[in-house]
Amino acid sequence: MTEYERSRTMPAPPERVFDRAADIGRMDAWLPDALHVDAGDLPAVTVHEDRTDEDTSALLRARREQMRLEWGTRDKGGYTGWLQVAGIGGDTSEVTVHLSFFDAGHDPGEKAVSEALDTSLRRLEEQVRPPADRTGG
């Protein structure tokens, strides 16, 4: 099993960060470009991975009372993950994403996962940043 984890501080209250992260219709705005989530009968979802051009049955649960998203593959047991939002004072939050790969075939490798996590957290931050603080990039 291989595990990865990244955290990032965001200039927004935890409720705003969690609501944006958990919005299935807007997940493509912050997830890695190569992943696309289609809601089925929640918690069932389908994840399309451009890298392999495969659709995978998965589960996605949003636990707002805990400010936590949890997901994982259903049939193959290839990977699981979670996103946790924590308030750290005022209108600032910390978001942590953790991924566990049980099947080497699902693990794209440390470099690719690290870049994807960093990019996703940056993109989520841009989504929740107050409009007055947003920059063009």
Side-chain angles (χ1 to χ4, degrees):
M1 178 171 71
T2 307
E3 298 186 278
Y4 304 95
E5 189 169 292
R6 284 286 190 284
S7 296
R8 186 176 183 107
T9 301
M10 300 194 182
E15 296 81 9
R16 181 184 320 152
V17 175
F18 180 80
D19 288 345
R20 179 54 65 102
D23 185 343
I24 288 181
R26 298 172 117 180
M27 282 186 172
D28 279 0
W30 69 269
L31 284 175
D33 289 331
L35 293 178
H36 311 282
V37 178
D38 291 315
D41 186 14
L42 291 176
V45 296
T46 300
V47 178
H48 180 79
E49 186 175 355
D50 291 345
R51 180 177 67 95
T52 61
D53 196 31
E54 291 183 4
D55 290 332
T56 303
S57 296
L59 296 174
L60 174 67
R61 289 190 177 87
R63 302 181 188 280
R64 192 171 200 285
E65 71 281 358
Q66 298 174 354
M67 297 287 153
R68 186 177 178 94
L69 289 176
E70 299 172 339
W71 60 85
T73 52
R74 287 175 41 176
D75 302 328
K76 300 175 186 172
Y79 65 90
T80 63
W82 50 262
L83 177 144
Q84 181 72 53
V85 182
I88 56 175
D91 284 341
T92 306
S93 303
E94 181 176 58
V95 179
T96 301
V97 179
H98 182 94
L99 298 174
S100 300
F101 292 93
F102 303 105
D103 176 353
H106 274 94
D107 183 355
E110 183 175 358
K111 184 177 189 287
V113 172
S114 295
E115 288 173 2
L117 288 174
D118 290 340
T119 299
S120 292
L121 287 169
R122 180 185 50 75
R123 290 171 66 180
L124 180 58
E125 179 183 355
E126 286 297 319
Q127 295 291 311
V128 301
R129 180 179 298 281
D133 293 347
R134 291 187 185 158
T135 61

Undergrad: Look up atom OG1 in T2 and atom OH in Y79, then write down how far apart they are to the nearest 0.5 Å.
TA: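 Atom-to-atom, T2:OG1 and Y79:OH are 15.0 Å apart.
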Undergrad: Check this for me: does any side-chain nitrogen of one of E126 and R129 sit under 4.0 Å from a carboxylate oxygen of the other?
TA: yes
Undergrad: Who pairs with H36 by ring pair (Phe, Tyr, Trp, His ring centres under 6.0 Å), at least two apart in sequence or on another chain?
TA: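 Scan of H36 (ring pair (Phe, Tyr, Trp, His ring centres under 6.0 Å), adjacent residues dropped) gives none.
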Undergrad: Looking at side-chain heavy atoms only, is the closest gap between D107 and Y4 below 4.5 Å?
TA: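 With C-beta onward as the side chain, the pair touches.
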Undergrad: Can you run down the salt bridge (Lys or Arg N to Asp or Glu O under 4.0 Å) pairs that involve residues 62-71, sequence neighbours left out, and say none if there aren't any?
TA: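 Residue pairs with at least one partner in residues 62-71: D19-R64, R63-E70, R68-E70.
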Undergrad: Looking at every heavy atom in both A62 and A22, which two are closest together, and how far apart are they?
TA: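 A62 and A22 have their closest heavy atoms at CB-CB, 4.2 Å.
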Undergrad: Partners of E115 by salt bridge (charged side-chain N to carboxylate O under 4.0 Å, His left out), sequence neighbours excluded?
TA: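 Salt bridge (charged side-chain N to carboxylate O under 4.0 Å, His left out) check on E115 returns K111.
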Undergrad: The test is side-chain contact (heavy atoms from CB on, under 4.5 Å); show your working for L60 and M27 and say whether it passes.
TA: CA-CA 12 Å; L60 174 67; M27 282 186 172; 3.5 Å; yes
Undergrad: Would you list the atom pairs, donor with acceptor, under 3.5 Å between side chains in residues 38-48 and any protein atom, with sequence neighbours excluded?
TA:
residue : atom : partner : partner atom : Å
H48     : ND1  : D55     : OD1          : 2.6
H48     : NE2  : D50     : OD1          : 3.4
H48     : NE2  : D53     : OD1          : 3.3

Undergrad: Who pairs with A21 by side chain to side chain contact (heavy atoms under 4.5 Å, CB included), at least two apart in sequence or on another chain?
TA: W30, L69, L83, L124
Undergrad: As an exercise, state the distance from CD1 of I88 to OG1 of T9, rounded to the nearest 0.5 Å.
TA: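 Result: 4.5 Å between the selected atoms.
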Undergrad: Identify the two heavy atoms, one from L99 and one from L117, that lie closest to each other, and give their separation to 0.1 Å.
TA: CD1-CD2, 3.9 Å
Undergrad: Go through the structure and list residues passing side chain to side chain donor-acceptor pair (under 3.5 Å) with S7, not counting sequence neighbours.
TA: T96
Undergrad: Do you know which two heavy atoms are closest between S100 and E3, and how far apart they sit?
TA: OG-OE2, 3.1 Å
Undergrad: With sequence neighbours left out, what residues match R26 under salt bridge (charged side-chain N to carboxylate O under 4.0 Å, His left out)?
TA: none
Undergrad: Same hydrophobic cluster for W71 and L59, using side-chain heavy-atom links shorter than 4.5 Å among ILVMFWY?
TA: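 No, no single cluster joins them.
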Undergrad: Should L121 and M10 count as side-chain neighbours, where that means a heavy-atom distance under 4.5 Å?
TA: yes
Undergrad: For P13, enumerate each residue passing the side chain to side chain contact (heavy atoms under 4.5 Å, CB included) test, keeping only those at least two apart in sequence or located in another chain.
TA: E15, R16, D91
Undergrad: In terms of hydrophobic clustering (I, L, V, M, F, W, Y; side-chain heavy atoms under 4.5 Å; direct or indirect links), are F18 and I24 co-clustered?
TA: yes
Undergrad: Which heavy-atom pair separates A116 from P32 by the least distance, and what is that distance?
TA: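 Closest heavy-atom pair between A116 and P32: CB-CG, 3.9 Å.
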Undergrad: Among all residues two or more places apart in sequence or in another chain, which pass the ring pair (Phe, Tyr, Trp, His ring centres under 6.0 Å) test with W82?
TA: H98
Undergrad: What I'd like to find out is whether the side chain of P11 reaches to under 4.5 Å of the side chain of E125, using heavy atoms alone.
TA: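 Heavy-atom side-chain distance check passes, below 4.5 Å.
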Undergrad: Within the side chain of Q84, is there an N or O that forms a donor-acceptor pair under 3.5 Å with the backbone of Q66?
TA: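 At least one qualifying donor-acceptor pair exists.
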Undergrad: What residues, two or more places apart in sequence or in another chain, satisfy salt bridge (charged side-chain N to carboxylate O under 4.0 Å, His left out) together with D118?
TA: R6
